[in-house]
There are 2 protein chains.
Amino acid sequence: MTTSISEELGILRTSSLAAAVEREVERLILNGSFAPGERINENKLASELGTSRGPIREAIRALEGTGLVVSIRNRGSFIRRLSVQEVREVYEVRSALFGLAGKLLAERITEDQLQRLTRFVVEMEEASKRRDFEAYYPLNLAFHEFIVDSAGNTMLAQQYRTFVKKLHLFRARSLVQGGGLTVSNTEHREMLSAVAARDPVWSHEAHCRHVTSARDRLLSVVKAEDALSNTN
Amino acid sequence: MTTSISEELGILRTSSLAAAVEREVERLILNGSFAPGERINENKLASELGTSRGPIREAIRALEGTGLVVSIRNRGSFIRRLSVQEVREVYEVRSALFGLAGKLLAERITEDQLQRLTRFVVEMEEASKRRDFEAYYPLNLAFHEFIVDSAGNTMLAQQYRTFVKKLHLFRARSLVQGGGLTVSNTEHREMLSAVAARDPVWSHEAHCRHVTSARDRLLSVVKAEDALSNTN
DNA sequence: TTTTCGTTAACTGTTGACAATTTTTTCTGA
DNA sequence: TCAGAAAAAATTGTCAACAGTTAACGAAAA
């Protein structure tokens, strides 16, 4: 964790040090550099980022507000750790949010946006056909981002992002991204069809289902792993 | 704004001063003591609450994380002000969240909970029959809280609460609570029927619609007011 | 009267220090 | 060797002070 904060210097003109620290800590969490359950040492982090503890503490409070960090008085602040049940909860909410995004998108998408959306799906299909996972993941991420950003509801987009971030707080972080490429592709096709048809109800349904089936895929893997480790 | 923080002293054993300040500031916002767009003077607030600026700043960051406050570097922190468009956005998200709550509730409600839910509806009907608004509002609030709390998804409940709080950031705060008592009652009845029938789809639909129609009622009043002030 | 510039005051951003609490280490006795 | 108590270290909570920026005010010029 030797990242300099100097990259953020441009941001410091418009935003405070605390905000830069917040971004950095969030990056470290999503990175995996900060593991769920780990304590955040204020002194250590402060000296690593070249600041005092004030901005660090402010950043931690902000992250606490978004639910990525939990603080216990006189004990410290910890990267939040999500239980299986909590992951299920996050997926439920995420599903509702993404369903809303799908519905809104079907109501207001432009021809231009529809073309870009189609290109995303085609590129993902090509990537999965040649088993190019390195290309698939960022495309998949951008695809989902594009959908929530195009839905025309900034509150929704913001909340959706927060909930996706929360999934990184699960112990099996790596599993969240993986699983079911070809399955996803057929789902993506249906989402596209629903949006292209400008059918809000269908689109809502398709987008909802896409998230819940991602949840099911993850949970089945987790369940299998747990069963395996229990018999050992 | 002469409220002492001493009432929160019991909380200080488990939580930090910053957390107590956060609660207090949030109370002042929901209260109306802090108006949307108003700046938060750190020194003033610190001396009023009998602390230093450190905890104040931490509390502000936490509130920024939940979206109740906006900060501009070197200018200060301001109670967020929601535009009509943003209120519409909040209602859209809230509708999706409440719809999810309705769906989940229909799937898992117990007989006990169903009776309590029914009592809420009956009491609200009685209150509106005798035009007792003082009794109606808290009942209505408790009714909604009970639904999201009984849905068995703490993330959902928390987010729902946050979005309801955000509605207080609209200039026409007073209007958010009011309007359409008898209309609400018929909607409440349908929600109740759907939940009692353990029909997730119907319940989802009914709960969604309840929020969107509340939104429509609010927006029509706002629109009417705006039209009035423009002709003056 | 209005505008512009410079001075002053107020306020935010950040830091280092001190107090209180928790955790770790060390020491003692069985 | 181990359990428990005491001491030491580490860490968090809070505060007060200082630096830098912005806003407010008033005087001088157009």
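Residue numbers begin at 1 in each chain, while the letters A, B, ... track the order of the sequences. Basis for what follows: all heavy atoms, side chains included, without hydrogens, waters or symmetry-related copies.
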Exercise. Over how many whole Å does the gap from B:Ile72 atom CD1 to C:dT12 atom P extend?
Worked result: 12 Å
Exercise. Between B:Ser150 (side chain) and B:Phe146 (backbone), is there a donor-acceptor pair under 3.5 Å?
Worked result: yes
For this session: Kindly point out which of C:dT15, D:dC15, C:dT12 is positioned nearest to the side chain of A:Pro55?
Result: C:dT15
For this session: Report the distance from atom CD of A:Glu42 to atom P of C:dT14, rounded to the nearest whole Å.
Result: 16 Å
Exercise. In terms of side-chain heavy atoms of A:Glu58, which of C:dT14, D:dC15, D:dT12 is nearest?
Worked result: C:dT14
Exercise. Between D:dT11 atom P and A:Ile56 atom CD1, what is the distance in whole Å?
Worked result: 14 Å
Problem set entry | Distance test, side-chain N/O of A:Arg73 to OP1/OP2 of C:dT21, below 4.0 Å | no
Exercise. Between B:Ser77 and B:Glu64, is a side-chain hydrogen bond (donor to acceptor under 3.5 Å, both in side chains) present by the stated rule, with each step listed?
Worked result: CA-CA 9 Å; B:Ser77 301; B:Glu64 204 181 352; 5.8 Å; no
Exercise. Is A:Glu24 salt-bridged to A:Arg27, cutoff N-O under 4.0 Å?
Worked result: yes
Problem set entry | Polar pair under 3.5 Å, donor/acceptor by atom type, side chain B:Arg75, base C:dG13 | no
Seminar exercise, completed: To the nearest angstrom, the CZ-C1' distance between B:Arg53 and D:dG13 comes to 17 Å
Exercise. Are B:Asn41 and C:dC11 close enough that a side-chain N or O sits under 4.0 Å from OP1 or OP2?
Worked result: yes
For this session: Go through D:dG13, D:dT22, D:dT14 for me and flag the one nearest to the B:Asn74 side chain.
Result: D:dT22
For this session: To the nearest Å, give me how far apart CD1 (A:Ile60) and C1' (D:dG13) are.
Result: 12 Å
For this session: Look at all strands and tell whether B:Gly54 reaches a base, only sugar-phosphate, or nothing, counting heavy atoms closer than 4.0 Å.
Result: nothing
For this session: Return the orientation label for the A:His210 and A:His144 ring planes: parallel under 30°, perpendicular over 60°, tilted otherwise.
Result: parallel
Problem set entry | Atom-pair distance (CZ on A:Arg57; P on C:dG13), nearest Å | 17 Å
For this session: Please say whether more than 12 non-hydrogen atoms of neighbouring residues, nucleotides or ligands are located less than 6.0 Å from CZ in A:Arg81.
Result: no
Seminar exercise, completed: Taken to the nearest whole Å, CG/B:Leu17 to P/D:dT12 is 17 Å
Exercise. When all nucleic acid strands are considered with a 4.0 Å heavy-atom cut-off, which category describes A:Ile40: base, sugar-phosphate, or nothing?
Worked result: sugar-phosphate
Exercise. Counting just side-chain N and O atoms, does A:Arg39 come under 4.0 Å of either OP1 or OP2 of C:dT22?
Worked result: no
For this session: When you get a sec, tell me which of D:dT14, D:dG13, C:dT12 is the closest nucleotide to the side chain of B:Asn43?
Result: C:dT12
Seminar exercise, completed: Whole-Å distance, A:Lys44 NZ to D:dT12 P, equals 11 Å
